[in-house]
Number of protein chains: 2
Amino acid sequence: MVTIRDVAKQSGFSSTTVSIVLNNAPLARYIPAVTKKRIESTAKRLSYRPNLFARSLRSRRSHTVGVMVFDMTDPFCTPVLRGIENSLYQASFLPILTDVHNERSRFERYLEMLLDRRVEALIVVANWLFVNIDVLGDLEKSKIPTVMIGRELKNNSISSVIVDNELGAYLGVEHLYSLGHRKIAFLRGPKTLTDSAPRWKGIRSFAKSQGLEIDARLVADLPESRDPNSSFESGYKLTEEMLRTRRPFTALMAFDDMTAFGAMRALTMAGRRVPEQCSVLGFDDIAASSLCTPALTTVRQPMEDMGAMAAGIVLAGINAMREKRRQPATHRRLAPQLAARDSTREAS
Amino acid sequence: MVTIRDVAKQSGFSSTTVSIVLNNAPLARYIPAVTKKRIESTAKRLSYRPNLFARSLRSRRSHTVGVMVFDMTDPFCTPVLRGIENSLYQASFLPILTDVHNERSRFERYLEMLLDRRVEALIVVANWLFVNIDVLGDLEKSKIPTVMIGRELKNNSISSVIVDNELGAYLGVEHLYSLGHRKIAFLRGPKTLTDSAPRWKGIRSFAKSQGLEIDARLVADLPESRDPNSSFESGYKLTEEMLRTRRPFTALMAFDDMTAFGAMRALTMAGRRVPEQCSVLGFDDIAASSLCTPALTTVRQPMEDMGAMAAGIVLAGINAMREKRRQPATHRRLAPQLAARDSTREAS
DNA sequence: GGCGTTTATTAAAACGAATGAATACTGAGG
DNA sequence: CCTCAGTATTCATTCGTTTTAATAAACGCC
């Protein structure tokens with residue numbers, strides 16, 4: 001390995017000068033162009049690459065960001081990760097990816113590992129989250145910029161990027177209502193999931209404003225489960241059950257896309273065609289939604305943007321720290337959009 | 001920050017002894033239990049955490065693996081990544097994730113960044129790959145253990161983990177044939193994709209062995225595209241076109257699941273029900289396949305296993321390097337399995 | 001009591017870069 | 001001729017760990 005000293009020797013200057021030139025440090029302004037040229041060319045000739053361990057040791061910087069995902073297999077994660085990756089790339093930061101598997105011990109272990117590596121910031125994708133909240137308290141202890149995607153922690157120093165769940169749900173029912181649906185079934189999210197309540201609130205808020213009647217017998221809750229993919233199964237079962245009770249409905253609004261897929265399966269199995277005999281609406285707009293037939297109408301979360309924005313927030317936080325400014329936590333609530341596709345249609 | 005010297009001072013020993021004890025180095029066998037106890041307890045009391053920069057600088061190890069994905073948004077990646085993550089976690093390694101976006105410049109830049117960080121190995125997920133192969137030559141130059149998932153490079157030092165495409169395709173047609181289908185349409189993969197040829201070979205091999213006739217007018221090729229999600233659109237268009245030519249077929253075998261989804265959409269739009277009037281078969285078994293209705297029958301790649309196996313190979317390579325053994329490249333070809341679901345049915 | 005071993009511990013030298021303090025060298029101004 | 005400000009460069013230290021070589025004491029043995 002060629003070190004800075006080799007470059008120094010070969011170019012005839014001291015390693016200090018080489019360091020100053022190559023990093024374009026403040027002192028570089030006193031160094032004449034000839035010298036710079038010579039140093040740079042020998043550096044290139046020897047194809048010198050600074051040892052980042054040494055550099056990090058000295059500068060206490062890693063140019064690395066820790067990314068903690070609570071469950072990779074959740075299709076929500078993929079676009080978010082891409083958004084993060086893209087932003088970090090622009091800033092020459094690299095992400096270390098960890099998957100918590102929704103396990104407390106794994107979360108703690110990974111957090112420790114990341115902090116040991118002196119990641120300069122932390123991005124937590126906490127979409128499908130069943131770990132006790134107090135665990136997240138550990139995040140505050142680390143004094144590095146931290147942002148959560150998909151969950152807002154009040155009263156603390158952690159930034160957040162979430163979708164406006166209430167608005168999203170509102171847009172969803174509105175869409176169904178405007179298509180003439182009045183008997184709508186609702187599959188609500190698990191109670192312990194923070195997304196569930198605001199989405200329900202959005203629905204009720206719309207119902208109230210338009211005088212839409214919500215039949216309690218057409219409302220069901222998904223059970224809790226650590227596995228985000230379980231909502232397919234749950235959606236299937238709940239829909240099946242609802243069909244059995246023979247309470248009529250012309251549309252179904254699911255907690256998320258996965259649930260909606262389960263519902264569509266159940267409806268189809270029961271011989272009810274989507275969307276002709278029953279409209280189905282999801283939430284998220286995961287990749288599969290536009291692929292299946294009929295394409296799922298859903299409330300779209302701007303996942304890639306959320307990832308990019310989260311990365312942007314922590315990068316700003318890193319810059320703030322470097323200038324010893326104290327950056328307050330920022331909370332972003334992004335507006336979702338309705339993606340009207342083929343699984344919804346006028347009520348007949 | 002508390003350093004090893006603090007621990008030394010507090011415990012009354014030298015930093016050398018502390019280091020030896022805490023790392024359980026060979027010399028530790030000469031150190032009496034009392035000393036160890038005292039050092040360990042003060043280390044814990046001060047909640048000492050070794051500075052990994054310093055450690056890495058000295059030991060030239062990063063305990064980090066570089067993961068390069070050619071396109072994150074390809075649903076093939078997610079399970080692979082989880083497999084990798086899980087294996088690395090067991091070995092206390094951490095992955096740095098990079099997404100090449102199928103761009104040459106990005107590949108080169110990322111490779112440089114990863115090597116600068118002294119990743120101890122490289123895992124390349126090269127499923128949907130349109131970068132010129134010679135770029136991959138750069139991988140060989142780095143002297144670290146490297147494995148490619150989804151592509152085999154002959155005559156070199158790079159390991160590989162791939163699925164047996166030929167067998168998979170064979171299993172696929174066999175399934176359709178056994179259901180009584182004789183008029184089968186084929187959507188082949190883009191010519192430049194390495195998976196395309198062996199899959200077609202598997203099909204031909206089965207056809208030959210069973211005397212199945214392949215109608216050239218029922219064979220179409222996906223166009224090239226950098227975007228793995230484009231095959232949905234292509235699958236749609238090609239199927240539509242095939243339907244227009246009115247050449248009858250009772251089943252369609254797609255290059256991959258994404259293509260199959262496009263085909264299903266086209267069939268449905270044309271009023272042909274799946275699977276009643278036409279069976280559809282995919283390849284990969286991405287997450288969406290079991291979610292859509294009808295659930296897609298497909299040839300399953302053991303993606304998570306592939307990721308885990310790739311990680312296992314490079315970890316073994318790392319160990320070999322440490323013991324200065326020269327590890328030859330290993331090439332694994334995993335058997336796929338047919339996942340029979342609801343998009344295929346007996347020919348009527 | 002001298003000599004080799006084993007046990008217990010440490011001083012000092014890496015590892016490779018960044019940087020504060022110091023040292024020259026130039027002109028300009030008095 | 002001396003000083004001062006600016007220019008150009010370097011010495012020596014620091015970052016926090018691991019490791020090599022060395023030291024020192026204790027032990028057994030003839």
Side-chain angles (χ1 to χ4, degrees), chain A residues 1-40 42-44 46-64 113 115-118 120 322 324, chain B residues 1-40 42-43 46-64 92 113 115-118 120 322 324:
Chain A
M1 271 297 84
V2 34
T3 78
I4 198 174
R5 268 180 280 267
D6 297 325
V7 179
K9 213 158 287 175
Q10 290 284 320
S11 66
F13 292 95
S14 76
S15 56
T16 305
T17 311
V18 174
S19 173
I20 290 169
V21 169
L22 262 32
N23 294 308
N24 200 23
L27 254 44
R29 91 192 122 98
Y30 295 134
I31 293 179
V34 225
T35 307
K36 287 185 183 174
K37 277 269 152 47
R38 206 150 68 210
I39 289 179
E40 273 156 5
T42 52
K44 178 163 282 178
L46 303 182
S47 64
Y48 164 69
R49 312 239 81 205
N51 181 317
L52 292 194
F53 295 151
R55 188 188 288 231
S56 292
L57 175 58
R58 189 72 234 265
S59 64
R60 334 190 77 94
R61 299 201 54 191
S62 64
H63 268 274
T64 295
M113 291 174 84
L115 294 179
D116 275 353
R117 276 158 208 253
R118 301 286 198 283
E120 299 191 37
R322 206 161 42 189
K324 296 181 188 312
Chain B
M1 270 298 83
V2 33
T3 78
I4 199 174
R5 269 183 278 266
D6 297 326
V7 179
K9 213 158 288 175
Q10 289 284 319
S11 65
F13 292 95
S14 76
S15 53
T16 306
T17 310
V18 175
S19 175
I20 290 169
V21 169
L22 261 31
N23 295 309
N24 200 23
L27 254 44
R29 89 193 122 100
Y30 295 134
I31 293 179
V34 225
T35 306
K36 289 184 181 175
K37 276 269 154 45
R38 205 149 69 205
I39 288 179
E40 273 155 4
T42 52
L46 303 183
S47 65
Y48 163 70
R49 315 238 80 205
N51 181 319
L52 292 195
F53 294 149
R55 178 177 284 186
S56 292
L57 175 59
R58 189 72 235 263
S59 63
R60 336 189 74 97
R61 300 201 54 192
S62 65
H63 268 274
T64 296
S92 291
M113 290 174 84
L115 295 179
D116 275 353
R117 278 158 208 253
R118 302 286 197 283
E120 299 191 37
R322 206 163 41 192
K324 294 179 192 310

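We name chains A, B, ... by the order of the sequence lines, and we start the count at 1 in each one. It should be emphasised that the depicted structure is a prediction, and the values quoted were computed from it without experimental measurement.
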**OP:** Could you pull out the closest heavy-atom pair between Ile31(B) and Lys36(B), with the gap in Å?
**Re:** O-CE, 3.4 Å
Subject >> Selection from dT19(D), dC11(D), dT7(D) that lies nearest to any side-chain heavy atom of Thr16(B) >> reply: dT19(D)
**OP:** Please state whether the base of dA17(C) and the side chain of Arg55(A) form at least one donor-acceptor pair under 3.5 Å?
**Re:** no
Original post:
So which nucleotide from dG16(D), dT9(D), dA17(C) ends up closest to the side chain of Arg5(B)?
Top reply: dG16(D)
Original post:
Which nucleotide, dT9(D), dG16(C), dT9(C), lies nearest any side-chain atom of Ala54(A)?
Top reply: dG16(C)
Subject >> 5'-most by nearest nucleotide on DNA chain C - Arg60(B) or Pro32(B) >> reply: Pro32(B)
Original post:
Judged by atom type as modelled, is there a donor-acceptor pair below 3.5 Å linking the side chain of Asn23(A) to the main-chain atoms of Ala25(A)?
Top reply: no
Original post:
Counting side-chain heavy atoms from C-beta on, which of dT10(C), dA17(C), dT9(D) comes nearest to Phe13(A)?
Top reply: dT9(D)
**OP:** Give the rounded distance in Å between these two atoms: CZ of Arg58(A) and P of dT13(D).
**Re:** 13 Å
Original post:
What's the verdict on side chain to side chain donor-acceptor pair (under 3.5 Å) for Ser14(B) and Thr17(B), showing C-alpha distance, side-chain angles and the deciding distance?
Top reply: CA-CA 5 Å; Ser14(B) 76; Thr17(B) 310; 3.2 Å; yes
Original post:
Taking atom types as they are modelled, is there a donor-acceptor pair under 3.5 Å from the base of dT9(D) to the side chain of Thr35(A)?
Top reply: no
Subject >> Interatomic distance where CD1 belongs to Ile39(B) and P belongs to dT9(C) [whole Å] >> reply: 8 Å
Subject >> Separation of dT14(D) P from Leu57(A) CG (nearest whole Å) >> reply: 14 Å
Original post:
To the nearest 0.5 Å, what is the distance between CD (Glu40(A)) and NZ (Lys44(A))?
Top reply: 8.5 Å
Original post:
Rounded to whole angstroms, how far apart are CG on Leu52(A) and C1' on dG16(C)?
Top reply: 11 Å
Original post:
Which part of the nucleic acid, if any, lies within reach of Thr3(A) when heavy atoms closer than 4.0 Å are counted: base, sugar-phosphate only, or nothing?
Top reply: sugar-phosphate
Subject >> Whole angstrom value for the distance that separates C1' of dG16(C) from CG of Leu46(A) >> reply: 15 Å
Subject >> Contact nearer the 5' end of DNA chain C, comparing Gly12(B) with Ser15(A) >> reply: Gly12(B)
Subject >> Distance in angstrom units between Tyr48(A) OH and dG16(C) C1', rounded >> reply: 7 Å
**OP:** List the atom of Ile4(B), the atom of Ser15(B), and the distance in Å for their closest heavy-atom pair.
**Re:** CD1-O, 3.7 Å
Subject >> Gap between atoms CG and P, on Asn51(B) and dC15(C) respectively (whole Å) >> reply: 18 Å
Subject >> N/O (side chain, Thr17(B)) to phosphate O (OP1/OP2, dT9(C)) under 4.0 Å >> reply: no
**OP:** Indicate, with a heavy-atom threshold strictly under 4.0 Å, whether Phe53(A) touches base, sugar-phosphate, or nothing.
**Re:** nothing
Original post:
Tell me: OH of Tyr30(A) to P of dC25(C), nearest whole Å?
Top reply: 19 Å
